[in-house]
Amino acid sequence: MRFSVYQESHIGGRKNNQDRMGYSFTRDALLLLVADGMGGHILGEMAAQIAMQTIASLFQENAKPYVKKPERFLEDSFFAAHREIHRYRAINNLPETPRTTIVACLIQHNSAMWAHCGDSRLYWMRQGQILARTRDHSRIETLIAQGRADASERDTHPDRNKLFNCLGAPNMPIVEISRRASLQAGDIMLLCSDGLWSMLPDHELAQRLHNNTIVRAVPELLTTATGIAGKSGDNVTALAMMWESSDSLQGNSTITTNTLPVGSVTTTIQAPRHLDMESADVYNESEIEKAIDEIRSAIDKSSRITSRN
């Protein structure tokens, strides 16, 4: 595989950043992830972090060097992340379960497949055109699909921020999985939180990523979005990947995996032992260690189940 990748996140006008992003790859598979912890619930950043770690750990277990059943992997890993978030709530005796949206893209054998819960989005772009994008699991999108609202109301409708699907909710999440998409050289995958797409129209995202390298376009997009949102703006996060990019175009961001050992995994996603507990005065050290052990144990069990089926 040969690709360029760039990721960046801004805190915006919030007190802390509840968005998480990252990618992992082997010789023959690439996983891209963006999660947006839901601010209307406690510890959204922990839900996002646990989801990222769980899915990345399962990728490491299953990509040997590629994932044999990608659809099954995406669905099972989302369910596993959902369970780990609920386990975290139970261990720490929280009054409610933290929640997060999530979008993931798995690329292998020159094709891509993606899955999402909530309104973190994926855009598949080619030559400045959007070939596909995820549909938000929101009240307004449901109303539009039912013909009860017009598409022009997306940015103004009073229910535009109401989501019916996420990780950490009382019910199991609905994991929406795409069909396999055949990639061509120069194709771009953009994964982002709503802090970006709610500030900039789709066509502008596509044009800016077409007119510049992802290394330059992504920071410019985030700066523009945070500027428009102002002091009360949301966290803004984007992860972009260009397929089979040229060194002359992308410079040091280009990654070639053909020479990697079969068993090696490279990742930007922190391992579970590095869980960042912002409220250290609420959770003592033994509770943290217990939570981490539980997460690792559940990941191991889920990995064995996935690999057998």
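Bear in mind that the values here come from a model prediction, so they are computed numbers and not experimental data.
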Quiz item: Mind checking whether F78 and V67 sit in one hydrophobic cluster, side chains of I, L, V, M, F, W, Y counted as touching below 4.5 Å?
Solution: yes

Quiz prompt | Any donor-acceptor pair under 3.5 Å from D36 side chain to T101 backbone | solution = no

Practice problem: Specify the closest pair of heavy atoms between N171 and H82, including all atoms of both residues, with the distance to one decimal. | Solution: O-CE1, 3.3 Å

Quiz item: Are S138 and D119 close enough that some pair of their side-chain heavy atoms sits under 4.5 Å apart?
Solution: no

Quiz item: In terms of heavy-atom contacts, does CD of Q127 have more than 12 from other residues, nucleotides or ligands at under 6.0 Å?
Solution: no

Self-check item: Chi angles and distances behind the side chain to side chain contact (heavy atoms under 4.5 Å, CB included) call for E244, L183
Solution: CA-CA 9 Å; E244 292 186 354; L183 299 181; over 6 Å; no

Practice problem: For residues I102 and V34, determine if any side-chain heavy atom of one lies less than 4.5 Å from a side-chain heavy atom of the other. | Solution: no

Quiz item: Under a 4.5 Å cut-off applied to non-hydrogen side-chain atoms, are S264 and R27 in contact?
Solution: no

Quiz item: Is M21 reachable from I107 through a run of hydrophobic residues whose side-chain heavy atoms are each under 4.5 Å from the next?
Solution: yes

Quiz item: Does one side chain, of T256 or R2, offer a donor that lies under 3.5 Å from an acceptor on the other?
Solution: yes

Quiz item: Do T254 and S4 have side-chain N/O donor and acceptor atoms under 3.5 Å apart?
Solution: yes

Exercise. Tell me whether L33 is reachable from L58 by hopping between hydrophobic residues (I, L, V, M, F, W, Y) whose side-chain heavy atoms are closer than 4.5 Å.
Key: yes

Quiz item: Sub-3.5 Å donor-acceptor pair from the side chain of Q207 to the main-chain atoms of G128, do we have one?
Solution: yes

Quiz item: Can you list every ring pair (Phe, Tyr, Trp, His ring centres under 6.0 Å) pair that touches residues 167-220, not counting sequence neighbours?
Solution: none

Quiz item: Are M46 and I42 in one and the same hydrophobic cluster, where Ile, Leu, Val, Met, Phe, Trp and Tyr link if side-chain heavy atoms are under 4.5 Å apart?
Solution: yes

Practice problem: Any pair with a residue in residues 13-36 that passes ring pair (Phe, Tyr, Trp, His ring centres under 6.0 Å), sequence neighbours left out, goes on the list, sorted by first then second residue, please. | Solution: F3-F25

Practice problem: Evaluate the side chain to side chain contact (heavy atoms under 4.5 Å, CB included) criterion for residues M1 and W243: first the C-alpha distance (whole Å), next the side-chain angles of each, then the deciding distance (0.1 Å), finally the verdict. | Solution: CA-CA 8 Å; M1 297 189 302; W243 187 243; 3.9 Å; yes

Quiz item: If you round to the nearest 0.5 Å, how far is CG of D202 from CG of L190?
Solution: 9.5 Å

Self-check item: Gap separating the CG atom of D194 from the OG1 atom of T237, nearest 0.5 angstrom
Solution: 9.5 Å

Quiz item: At what distance, to the nearest 0.5 angstrom, does CD1 of I50 lie from CG of L43?
Solution: 9.0 Å

Practice problem: Would you mind reporting whether T26 and V262 have side-chain heavy atoms less than 4.5 Å apart? | Solution: no

Exercise. Considering non-hydrogen atoms only, spot the tightest contact between L74 and A104 and give its length.
Key: CD2-CB, 4.3 Å

Quiz item: Is a side-chain donor or acceptor of N92 paired with a backbone partner of Y88 at a separation under 3.5 angstrom?
Solution: yes

Quiz item: Got more than 12 heavy atoms from elsewhere within 6.0 Å of NZ, K68?
Solution: yes

Quiz item: In terms of side-chain heavy atoms, does D234 have a donor or acceptor partner in S198 at a distance below 3.5 Å?
Solution: no

Quiz prompt | Donor on one side chain, acceptor on other, D19 and S193, under 3.5 Å | solution = yes

Quiz item: Got a sec, which residues hit side-chain hydrogen bond (donor to acceptor under 3.5 Å, both in side chains) with R208, two or more places apart in sequence or on another chain?
Solution: E204, T224

Self-check item: Heavy-atom pair with the smallest gap, counting every atom of Q18 and G44
Solution: NE2-N, 3.4 Å

Quiz item: Taking atom CG of L131 and atom CG of D187, what is their separation to the nearest 0.5 Å?
Solution: 6.5 Å

Quiz item: Between the side chain of N235 and the main-chain N/O of N16, is any donor-acceptor distance below 3.5 Å?
Solution: yes

Quiz prompt | Steps toward side chain to side chain contact (heavy atoms under 4.5 Å, CB included) verdict (M189, L122) | solution = CA-CA 7 Å; M189 291 292 180; L122 176 142; 4.0 Å; yes

Quiz item: Going by heavy atoms in the side chains, are R99 and P170 under 4.5 Å from each other?
Solution: yes

Practice problem: Answer with yes or no whether the side chains of E84 and H86 bring together a donor and an acceptor at under 3.5 Å. | Solution: no

Quiz item: Between OG1 of T213 and CD1 of I188, what distance do you get to the nearest 0.5 Å?
Solution: 9.5 Å

Quiz item: Can you find a heavy atom in the side chain of R179 that is under 4.5 Å from one in the side chain of M113?
Solution: no

Quiz item: Does S111 reach the main-chain N or O of R180 with its side chain, forming a donor-acceptor pair under 3.5 Å?
Solution: no

Quiz item: Does the side chain of L205 reach to within under 4.5 Å of the side chain of M125, using non-hydrogen atoms?
Solution: yes

Quiz item: side-chain hydrogen bond (donor to acceptor under 3.5 Å, both in side chains) with D136: which residues, sequence neighbours excluded?
Solution: R121

Quiz prompt | Rounded distance [0.5 Å steps], CE in M199 versus CD1 in I228 | solution = 7.0 Å

Self-check item: Other residues, nucleotides, ligands: >12 heavy atoms within 6.0 Å of R135 CZ
Solution: yes

Quiz item: Which pair of non-hydrogen atoms, one from L167 and one from C117, has the smallest distance, and what is that distance?
Solution: CD2-SG, 4.2 Å

Practice problem: Please lay out, stage by stage, how Q7 and V218 fare under the test side chain to side chain contact (heavy atoms under 4.5 Å, CB included). | Solution: CA-CA 7 Å; Q7 59 181 7; V218 169; over 6 Å; no

Self-check item: Minimum heavy-atom distance between G195 and A225, given as atom pair plus value
Solution: O-CB, 4.0 Å

Quiz prompt | Test ring pair (Phe, Tyr, Trp, His ring centres under 6.0 Å) applied to F79 - qualifying residues, sequence neighbours left out | solution = none

Quiz item: Can you check whether L209's main-chain N or O pairs, donor with acceptor, with N212's side chain at less than 3.5 Å?
Solution: no

Exercise. Check for a donor-acceptor pair, side chain of T257 on one end and backbone N or O of L260 on the other, with a separation under 3.5 Å.
Key: no

Self-check item: Sidechain-backbone polar pair: T54 side chain, A51 backbone, donor-acceptor under 3.5 Å
Solution: no

Quiz item: Which residue pairs pass the ring pair (Phe, Tyr, Trp, His ring centres under 6.0 Å) test with at least one member in residues 94-135, sequence neighbours excluded?
Solution: Y66-H109, H116-H137

Quiz item: Does the R148 side chain pair with the main chain of A145, one donor and one acceptor, at a distance under 3.5 Å?
Solution: no

Quiz item: I174, I140: one ILVMFWY side-chain cluster at the under-4.5 Å cut-off?
Solution: no

Quiz prompt | Any donor-acceptor N/O pair, Q53 side chain to I269 backbone, under 3.5 Å | solution = no

Quiz prompt | Distance-minimising heavy-atom pair for S182 and R126 | solution = O-NH2, 3.4 Å

